[in-house]
Amino acid sequence: MQDAGGQDRAIGLVADVGGTNTRMAFVGRDGVIADTVVKCPNANFGSFLDLATHYLDGRTPPPHVVIAVAGPVAGDRARLTRPELGFRCGCSCCRFRC
């Protein structure tokens, strides 16, 4: 989905999951790596993990992942307007090999 060069400098992955779109990017020591920023319509994906997997495009996730959600968080569960995009932190970590 993005140039592999951006991921080579990445120490983390950030995601901002909104009600309509999700923005994702790799971050390096100096902040967001500009050429890795994408905006994805949530309606195009069945789950957040589907979206993240598409973004990573077969690349290994960086060692740190931060996800912001536009909805309530209770314990390890985030709930969104589109329920299928909600997720549990433990499940996401397993998928990202945290």
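Only a predicted model underlies this, so the values are computations on that prediction, with no experimental measurement involved.
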When you group the ILVMFWY residues by side-chain heavy-atom contacts below 4.5 Å and let the links chain together, are V65 and L49 in the same group? yes
V37 reachable from V27 in the ILVMFWY side-chain graph, under 4.5 Å edges: yes
How many angstroms lie between atom [atom1] of [X] and atom [atom2] of [Y], to the nearest 0.5 angstrom?
X	Y	atom1	atom2	value
L13	I67	CG	CD1	7.5 Å
H64	I11	NE2	CD1	6.0 Å
D16	K39	CG	NZ	11.0 Å

Please give me the minimum heavy-atom distance between [X] and [Y], naming the atom from each residue.
X	Y	result
G12	P62	C-CG, 3.4 Å
N42	G18	ND2-O, 2.7 Å
A70	G19	CB-N, 4.4 Å
A25	V32	CB-CG1, 3.9 Å

D35 side chain near F26 side chain, heavy-atom distance below 4.5 Å: no
Taking side chain as C-beta onward, heavy atoms only, is L51 less than 4.5 Å from M24? yes
Checking side chain to side chain contact (heavy atoms under 4.5 Å, CB included) between Y55 and each of D50, T36, T22, which is the one that passes? T36
